[in-house]
Amino acid sequence: MSKSFAPEYWHTTTLGSVIELTYGKSLPAKVRDGVSFPVFGSNGEVGKHSIPLVTKPGLIVGRKGSFGEVHISEEPFFPIDTTYYVDSFHGQPIRYWFYQLRFLPLNQLNRATAIPGLNREDAYSQEITLPPLAEQKVIADKLDTLLAQVENTKARLERIPQILKRFRQSVLAAAVSGRLTEEWRSGDNPERNFKKLGEAGVEVKTGPFGSALHKSDYVNGGIPVINPMHISEGIIRPSDSMTISHQKYNSLEAWHLRKGDVVVGRRGEMGRASVVESDEPQLCGTGSMILRVSEDALPKYLEIILRSPTAVSYFNSASVGSTMVNLNQKVIKNLEVYFPSLSEQTEIVRRVDQLFAHADRIEQQVNNALARVNNLTQSILAKAFRGELTEQWRKDNPELISGENSAEALLERIKAERAAVKPAKRIRRKTNA
C-alpha cells in the first residue's frame with residue numbers, strides 16, 4: 001500500500017516485521033487418520049488428523065501449487081508442507097490478518113519456473129500500513145459483516161442459473177404436452193393429438209460406424225464432425241480439433257448434414273439436439289444421429305421434442321447399453337409426444353423462443369451482477385486497508401490510536417516479543433590445538 005493512502009495514525013512497514021510465515025510439515029494422505037483436526041493444503045482443507053501440528057487457531061498460506069491462497073482455521077490444525085502457517089499474532093485479531101493477507105497480491109509473487117510457488121522473503125517485503133490494535137478489531141468486525149453480506153448475495157445469485165435451467169425444462173415439458181398452447185387452440189379443436197415420431201414421418205439415420213470413420217481420419221482445418229460434445233442448449237459448436245479432409249468428407253456423403261436437419265447425440269447425456277442452421281459443410285459424427293422431418297413437422301419443433309424432459313426420461317429408460325446410454329433408431333421412432341398442426345407447432349416454437357430469450361436475458365444480468373459482486377470483495381478490502389471504513393471511528397476515539405495505543409507502539413511491542421522468543425545463536429568456543 002502506498003504511504004500516501006495511509007491514515008495519519010497508521011504506520012508504514014513491511015509484512016515481515018509483523019507476521020512470521022512458518023513452514024508446514026509433510027503429512028502424506030495415507031498417514032492421515034481422518035479424525036479430529038483439519039489438515040490444510042494450499043487450496044484449503046484436504047483431510048483430518050488426530051494430532052495437530054499447530055495447537056491453536058491460525059492462518060494457512062499456500063506456498064506451492066495454489067500459492068498465495070489464504071485460509072483460516074478457528075481450531076488446532078495441521079498445515080502440510082505445501083503451505084506456510086501463521087500462529088503468532090501478538091494480541092492482534094486473527095481475522096484482521098486473514099483479510100490483510102487476502103488483500104495482498106501474494107498470488108502474483110511467483111518465482112518458480114516449474115511448480116508455482118511463493119517465496120517467503122517476497123511475501124515479507126510486501127509494504128503494509130499497520131493500524132493501531134483497537135482499530136484492527138473494528139476493521140475486522142466491519143469486514144466480517146460486509147463480506148458476509150457479499151457472500152450471501154453471491155450465493156443467492158449462483159442459485160439463479162439452476163432455477164433458470166429448471167424453468168427452461170418446464171417450458172419444454174409444457175411445449176411437448178400441449179399445455180403451453182392450451183388457450184391458443186381454437187374451441188373447435190381442443191383435443192391433443194399424440195404420435196410416435198415414426199408415425200409422424202420422421203426419418204432417422206445413425207452416424208457412420210467406426211469402420212467408416214476413424215480417429216486417424218481427423219486433420220487440422222478440415223470439415224467439422226459433429227458429435228454429442230459439440231451440441232449444447234440447442235446450439236452446435238464445432239471443434240477445430242475434430243475435422244476431416246474434404247476427400248474423406250466427400251466419401252461419406254450419406255452423413256452430410258444439411259440445413260434444416262436435426263442432429264441429436266445418441267451416446268452419453270440425452271437431450272443434446274439442435275437444428276442445423278448453417279449451409280457450411282458438416283458431417284454427422286459416429287456418436288450422433290440425423291433426423292429429417294416430413295412436411296407435417298417443423299425442424300425446430302422436433303428439436304424441442306428431443307430436448308424435452310419427456311424425451312430425455314424416455315431415452316434414458318429405453319436406450320440400450322450397460323455402461324453408456326446408446327440410442328438406436330427404434331427407440332427414437334417409438335417416442336410418443338404431442339404432435340399438433342403446423343400452425344400450432346409454429347406458435348409453440350415462437351413461445352419457446354420468447355421464453356428462452358427472457359431466461360437468457362436474466363442469466364446475462366445475473367452473470368453481470370456476479371462479476372460485480374466478485375469485484376466487490378476486493379473493493380471493500382481496499383477501502384478497509386486505506387482506512388476508509390473506520391474514518392469516523394478514528395475521529396470518535398482519538399485516545400485509542402495515539403500514545404501507548406498507537407501503531408508505532410504496537411510495532412515496537414511486536415519487535416520486542418519476537419526478539420524475546422528468537423533462539424540465541426550458538427557461540428563456538430575455540431579449543432587449543
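All values below were derived from every heavy atom in this structure, side-chain atoms included, with hydrogens, water molecules and symmetry-related copies excluded.
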Without hydrogens or angle criteria, can the side chains of D144 and Y99 be said to hold a donor-acceptor pair below 3.5 Å?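 There is such a pair between these side chains.
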
For the residue pair Q364 and D360, confirm or rule out a side-chain donor-acceptor distance under 3.5 Å. no

Under 6.0 Å between the ring centres of [X] and [Y]?
| X | Y | result |
| --- | --- | --- |
| Y23 | Y84 | yes |
| F103 | F385 | yes |
| F89 | F98 | no |

Using modelled atom types and a 3.5 Å cut-off, is there a donor and acceptor pairing between side-chain atoms of [X] and backbone atoms of [Y]?
| X | Y | answer |
| --- | --- | --- |
| H90 | I414 | no |
| T286 | P208 | yes |
| T243 | G222 | yes |

Here the pair of heavy atoms bringing V366 nearest to P161 is CG1-CD, 4.4 Å

Which atom pair, heavy atoms only, marks the closest approach of G265 to L327? O-CD1, 3.8 Å

Approximate separation, where rounding is to 0.5 Å, of T181 OG1 and R350 CZ: 10.5 Å

Quick one: sort the H256 and Y249 rings into parallel, tilted or perpendicular, breaks at 30° and 60°. parallel

Across all chains, not counting sequence neighbours, the side-chain hydrogen bond (donor to acceptor under 3.5 Å, both in side chains) partners of R166 are none

Name each donor-acceptor pair under 3.5 Å that joins a side chain in residues 274-282 to protein atoms two or more places apart or in another chain, with its distance.
from : atom 1 : to   : atom 2 : distance (Å)
S274 : OG     : G234 : O      : 2.8
S278 : OG     : E280 : N      : 2.9

Passing option when E233 is tested against R307, R168, K165 for salt bridge (charged side-chain N to carboxylate O under 4.0 Å, His left out):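 That would be R307; it is the only one of R307, R168, K165 passing the salt bridge (charged side-chain N to carboxylate O under 4.0 Å, His left out) with E233.
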
Applying side chain to side chain donor-acceptor pair (under 3.5 Å) to E344 and W184, what does each step give before you reach the verdict? CA-CA 8 Å; E344 188 170 351; W184 179 90; over 6 Å; no

Before you tell me yes or no, could you show the steps for N374 and K154 under side chain to side chain contact (heavy atoms under 4.5 Å, CB included), namely the whole-Å CA-CA distance, both residues' side-chain angles and the distance that decides it to 0.1 Å? CA-CA 8 Å; N374 288 332; K154 183 178 177 180; 3.3 Å; yes

Does atom CD of Q247 have more than 12 heavy-atom neighbours from other groups under 6.0 Å away?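 Open: at most 12 neighbouring heavy atoms sit under 6.0 Å from CD of Q247.
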
Trace of the side chain to side chain donor-acceptor pair (under 3.5 Å) decision for N367 with E363: CA-CA 6 Å; N367 290 336; E363 192 159 33; 5.4 Å; no

Any pair counted as salt bridge (Lys or Arg N to Asp or Glu O under 4.0 Å), so long as it reaches residues 287-298, sequence neighbours left out: D261-R292

Ion pair check, D81 and K25, cut-off under 4.0 Å: no

